[in-house]
Number of protein chains: 2
Amino acid sequence: MIKVIVVEDHPIMVEGLKNILRTDLTINVIGDYGNGKSVLQALEEKDHPDVILMDVNLPDVSGINLTTEIKKKYEDIKIIALSVHDEQPVIHSMLQNGASGYVLKNALGNEIIKAINTVMDGEEYLCTSTREALKSADQDLLKAIPRITRREKEILQLIGKGLTTIQIAEQLFISTHTVESHRKNLMEKFGVNNTTSVVKLAAEYKLL
Amino acid sequence: MIKVIVVEDHPIMVEGLKNILRTDLTINVIGDYGNGKSVLQALEEKDHPDVILMDVNLPDVSGINLTTEIKKKYEDIKIIALSVHDEQPVIHSMLQNGASGYVLKNALGNEIIKAINTVMDGEEYLCTSTREALKSADQDLLKAIPRITRREKEILQLIGKGLTTIQIAEQLFISTHTVESHRKNLMEKFGVNNTTSVVKLAAEYKLL
DNA sequence: AAGAAAACCCCTGTTTTCCGGGATTTTTTT
DNA sequence: AAAAAAATCCCGGAAAACAGGGGTTTTCTT
């Protein structure tokens, strides 16, 4: 019996998943949680699952961070990412941080079951569209999502709001030079050469 | 018997919705479609539903445009929007274009049933979080999503890629002045004063 | 306690965008 | 066929962002 827990904040989606998983008698959904905090708590207190089906976009933490954290503490739990995003950096970051599978939400139900069985066999599972997305970008150039600091994020948000460097400096009580440094660092981390692209990418990766 | 069709590109979600709607015996799901084109075709050929449950983000057309089109041809079909977005302009645009209800995807199953019954009674239904989102923005200032032209969209995408005005002009074989005009118009339509904000908003409203 | 990373600060010159006016020609839509 | 909307082009001055160097002080992490 494979014990599975579902981490997903859309009840309707949870309903659908459970329904699909019910058709496979070797799978047993032992719990579902709508945010990162409650899963972490459940893992401490309750029975461990074999597999976690995890939505990448949760209300409290990003699936990427949650995966890292869970894998650090419980390395034998397999994690399958469930996502609407087929951007390479998102996929790549999830896999790098310990996910064993990546399934897009537009996948058919049986893909999920296949994914669970595959990762239980110790292999990696990527759904068809994910594989497509990954192969189009050549191996070595695969970029992960840049890790940005608190401050950078803060500044990114203000830029997104349309504030200028001067306004940001005033609001945060720091010098305009500092703001420009952060701008520079952001551009470098994202590998682009103007803030507009940074904002676009950040929005894409849901960092805003 | 209320005839319902579901327009949603995530099979798992469809599964969940059907499952929930099955619990109400007065509701009958007569079909489901994964994109805009197939619904429009089905409406021409098949039996009309009373209510359409429609995802706002479809692979081919935006839910906003699809709603407009369906309402133009079949004004008595009630449309309930299903969405992950709680941005005011998105909600506002849907309602303005004829949707009778707006339910966020993190809603509980019974909210959907309530929504269907409410719109069948001729009233408008908004889920709790939607109402929250709307009331925080003051009535008169409610902005709809700007309607941008083909060319503007094209330019917006190039800006998002990080190209400068000169590069865009070269690529599209038009003068830099033209590009600047488009830039200006975009900023005006979105009500902001730099292109970065335009890109951010466009990303938010899924116009990119 | 060291070392690394983050956050902070500073400068100058160049490029690009923004703002404020215009105007003409194609397309669509009615 | 007329009217409206979109797309095109033009200018000059002001404001902001970018590029590319430099450096110090906190704050994590090991």
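Just the heavy atoms: all of them, side chains too, but no hydrogens, waters or symmetry mates, feed the values below. Below, read A as the first sequence line, B as the second, and so on, with proteins coming before strands; counting in each chain starts at 1.
- In this model, no donor atom of one side chain and acceptor atom of the other lie less than 3.5 Å apart for B/T68 and B/N65.
- Put simply, CZ on B/F173 is 12 Å from P on D/dC9, counting in whole angstrom units.
- B/R183 has a side-chain polar atom (N or O) that falls below the 4.0 Å cut-off from OP1 or OP2 of C/dC18.
- The CD atom of A/E180 sits 12 Å away from the C1' atom of D/dG20 (whole-angstrom rounding).
- Of the possible donor and acceptor atoms, one in the side chain of B/T149 sits under 3.5 Å from a partner among the backbone N and O of B/E152.
- Side-chain atoms of A/T195 and base atoms of D/dC18 include no donor and acceptor less than 3.5 Å apart.
- Side-chain atoms of A/I174 lie closest to C/dC9 of the nucleotides D/dT8, C/dC9, D/dA16.
- OP1 or OP2 of C/dT17 lies within a sub-4.0 Å distance of a side-chain N or O belonging to B/T165.
- Between the side chains of A/Y125 and A/E111, at least one donor-acceptor pair of N or O atoms lies under 3.5 Å.
- A side-chain N or O of B/T196 and one of A/T196 form a donor-acceptor pair less than 3.5 Å apart.
- Following rounding to the nearest Å, B/R150 (CZ) and D/dT8 (P) show an atom-to-atom distance of 11 Å.
- With the nearest nucleotide of DNA chain C identified for both A/H177 and B/T196, A/H177 has the one nearer the 5' end.
- Scanning atom types as modelled, one donor and one acceptor separated by under 3.5 angstrom connect the side chain of B/S181 and the base of D/dC9.
- B/H182 comes within 4.0 angstrom of a nucleotide base, judged by non-hydrogen atoms across all strands.
- The distance between atom CD1 of B/I168 and atom P of C/dT17, rounded to the nearest whole Å, is 7 Å.
- Between B/K184 and B/M187, the residue anchored closer to the 5' end of DNA chain C is B/M187, taking for each the nucleotide with the nearest heavy atom.
- Two residues, B/T149 and A/L163, neighbour DNA chain D, and the one matched to the more 5' nucleotide by heavy-atom proximity is B/T149.
- Distance, A/F190 CZ to D/dC18 C1': 18 Å, rounded to whole Å.
- At a threshold of 4.0 angstrom between heavy atoms, the contacts of B/N185 with the nucleic acid are absent.
- OP1 or OP2 of C/dA5 has not a single side-chain nitrogen or oxygen of A/R147 nearer than 4.0 Å.
- Atom C1' of nucleotide C/dT14 and atom CG of A/N194 are separated by 16 Å, given to the nearest angstrom.
- In this structure, the CG atom of A/N193 is 15 Å from the C1' atom of C/dT14, given to the nearest Å.
- Within a 6.0 Å radius of NZ in B/K153, no more than 12 heavy atoms belonging to other residues, nucleotides or ligands are found.
- Across all strands, B/T178 comes closer than 4.0 Å to base atoms (heavy-atom distances).
- A straight line from CG of A/L186 to C1' of D/dA19 spans 16 Å, rounded to a whole angstrom.
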